[in-house]
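As structure tokens, the structure follows; a few thoughts come after it.
Quick note on labels: first sequence line is chain A, next is B, and so on, each numbered from 1.
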Amino acid sequence: MDDDPWPALWHAVTAWYAAHRRDLPWREPGTSPWAVLVSEVMLQQTPVARVEPVWRAWMRRWPTPAAFAAAGHDEVLRAWGTLGYPRRALRLHGTAVAVVERHGGEVPRDREALLDLPGVGGYTAAAVRAFAFGERDTVLDTNVRRVLTRLLDGLPLPPPSLSRAEERRASDLLPPGPADSALWNIGLMELGALVCTARSPRCEACPVAERCAWRAAGYPPDPYADRRRAQAWEGTDRQVRGRLMAALREATEPLPLEALPAWHDEAQRARALTGLVADGLVAVTGSPARYRLPGR
DNA sequence: AACCCGTGGCG
DNA sequence: TCGCCAAGGGT
């Protein structure tokens, strides 16, 4: 009965998804491709729970690429708030401008056109094509990678970097039809987010536990563990940048250097500030210099 | 390829 | 408590 296992696997995952999917706002019927794109960018490395309220307010304020393209960088960065990685907000703005200028205000469906947009990489392009346009494409995010690695390789976590072989396999697994493939993609993602989680997988609730190679092998440990060493955080430039950006989001007028958050290493604070200016996240005005969020 | 880029919550 | 992790992308 297992001479053709893939259809059974597809069905198990998509049926589970139909029964257990979360009602996330960007999944509601009628959500525009632009709204889907905005959600995908916000969700890059940021949990659903923190994205949801920001996304709702965002789409109410700027429903279309044209509306958002007309916003200033300062209001964009304040609306982005504490989602993190604020360069994403500026890239999203650049994407809105590009969509207006190059695509008549409509999010393109073409993969290459999507990849040309700032802040849109392989994952986001595939997600927009699959979830906004119903195209058949391979959506390979951290959830899907983890589920497939456990299910098929018998390892707890995927390799640190995404390989062509991994992409090829995921592509080969895709159901033939566009509608089925989109459901398979979102089903795998949701399974990874709710059941096959990184920390404490709930295998008793998994629709494909009986087929899982990691489970069958007795949950062997992660062979790449030594290569996953988390990037240092305490005392990094990133931490300083975060402090500076938080202060500038709150400020109602430009701040002189001495009014910016203190830091034990003044040279590092200056370097971080220079970096923020170079990234377009901070603007300098006047003499002596004062700092604020950039305008348009 | 390796490193950089925020923030908050959970086990 | 604290390390790890979260719908990645750019360089």
Between P on B:dG8 and CD on A:Q239, what's the gap in Å once rounded to a whole number? 12 Å

5' precedence on DNA chain C between A:R88 and A:R199 (nearest-nucleotide basis): A:R199

For A:V120, which contact category applies under a 4.0 Å heavy-atom criterion: base, sugar-phosphate, or nothing? sugar-phosphate

Output the distance between atom CZ (A:R146) and atom SG (A:C196), rounded to the nearest 0.5 Å. 6.0 Å

Would you say a side-chain N or O of A:Q45 is under 4.0 Å from OP1 or OP2 of C:dG8? yes

Output the single nucleotide from B:dC5, C:dA7, B:dG9 whose closest atom is nearest the side chain of A:M189. C:dA7

For the pair A:D279 and A:R91, find out whether any cationic side-chain nitrogen is under 4.0 Å from an anionic carboxylate oxygen. no

Between A:R146 and C:dC5, does any side-chain N or O lie under 4.0 Å from OP1 or OP2? no

Could you check which of C:dA7, B:dG11, C:dG9 has an atom nearest any side-chain atom of A:R87? C:dG9

Give A:G192 one of three labels, base, sugar-phosphate or nothing, depending on what nucleic acid heavy atoms sit under 4.0 Å from its own. nothing

If you look at every strand shown and take non-hydrogen atoms under 4.0 Å, does A:L140 touch a base, only sugar-phosphate, or nothing? nothing

Length of the line joining A:L115:CG and C:dG8:C1', which is rounded to integer Å: 13 Å

Could you tell me how far B:dG11 sits from C:dA7 if I compare only their P atoms? Round to whole Å. 14 Å

Look at the side chain of A:W233 and decide which nucleotide, out of C:dA6, C:dC4, B:dG6, has an atom nearest to it. B:dG6

Have a look at A:D237 and say if it touches a base, only the backbone sugar-phosphate, or nothing, with a 4.0 Å heavy-atom cut-off. sugar-phosphate

When we call it a touch if two heavy atoms are under 4.0 Å apart, what does A:W26 touch: a base, just sugar-phosphate, or nothing? base

Under 4.0 Å between a side-chain N/O of A:R241 and OP1 or OP2 of B:dG6, yes or no? yes

How many whole angstroms separate atom CG of A:L244 from atom P of B:dC5? 12 Å

N-O pairing of A:R169 and A:E166 below 4.0 Å: no

Which is true for A:T236 with a 4.0 Å heavy-atom rule: it touches a base, it touches only sugar-phosphate, or it touches nothing? nothing

Give the intermediate values and the outcome of salt bridge (charged side-chain N to carboxylate O under 4.0 Å, His left out) for residues A:D237 and A:R271. CA-CA 8 Å; A:D237 285 9; A:R271 184 171 68 246; 3.2 Å; yes

Taking the minimum atom-to-atom distance to the side chain of A:P47, which one of C:dA6, C:dA7, B:dG6 wins? C:dA6

Looking at A:L83, is its backbone amide N or carbonyl O close enough to the side chain of A:R88 to form a donor-acceptor pair, meaning the two atoms are under 3.5 Å apart? yes

Picking from B:dG6, C:dA7, C:dA6, which would you name as closest to the side chain of A:A198? C:dA6

In whole Å, I'd like the distance from the CH2 atom of A:W55 to the P atom of C:dA6. 23 Å

Could you state the atom-to-atom distance from CG of A:L276 to P of B:dC4 in whole Å? 16 Å

I want to check one thing: is the phosphate of B:dT7, taken as OP1 and OP2, less than 4.0 Å away from some side-chain N or O of A:R249? yes

First of A:F131 and A:L117 reached from the 5' end of DNA chain C, by closest nucleotide: A:F131

Mutual orientation of the aromatic rings belonging to A:W58 and A:W80 [parallel < 30°, tilted 30-60°, perpendicular > 60°]: perpendicular

Measure the distance from CD on A:E52 to C1' on C:dA6 and round it to the nearest whole Å. 15 Å

Rounded interatomic separation in angstrom, taking CG from A:D141 and P from C:dA7: 7 Å

Which is more 5' along DNA chain B, the nucleotide nearest A:R227 or the one nearest A:A246? Just name the residue. A:R227

Taking the side chain of A:L43 as its heavy atoms from C-beta onward, which of C:dA6, C:dA7, B:dG6 lies nearest to it? C:dA7

What's A:R145 touching, base or sugar-phosphate or nothing? Going by heavy atoms closer than 4.0 Å. nothing

Counting only side-chain N and O atoms of A:T124, is one of them less than 4.0 Å from OP1 or OP2 of C:dG9? yes

Roughly how far apart, to the nearest Å, are B:dG6 and C:dC5 at atom C1'? 13 Å

With a 4.0 Å cutoff (strictly under), does any side-chain N or O of A:T82 reach OP1 or OP2 of B:dG8? yes

Which is true for A:G84 with a 4.0 Å heavy-atom rule: it touches a base, it touches only sugar-phosphate, or it touches nothing? base

Rounded to whole Å, how long is the line connecting atom CG of A:L90 with atom P of B:dG6? 10 Å

So, do A:L273 and A:Y291 sit near enough that their side-chain heavy atoms are less than 4.5 Å apart? yes

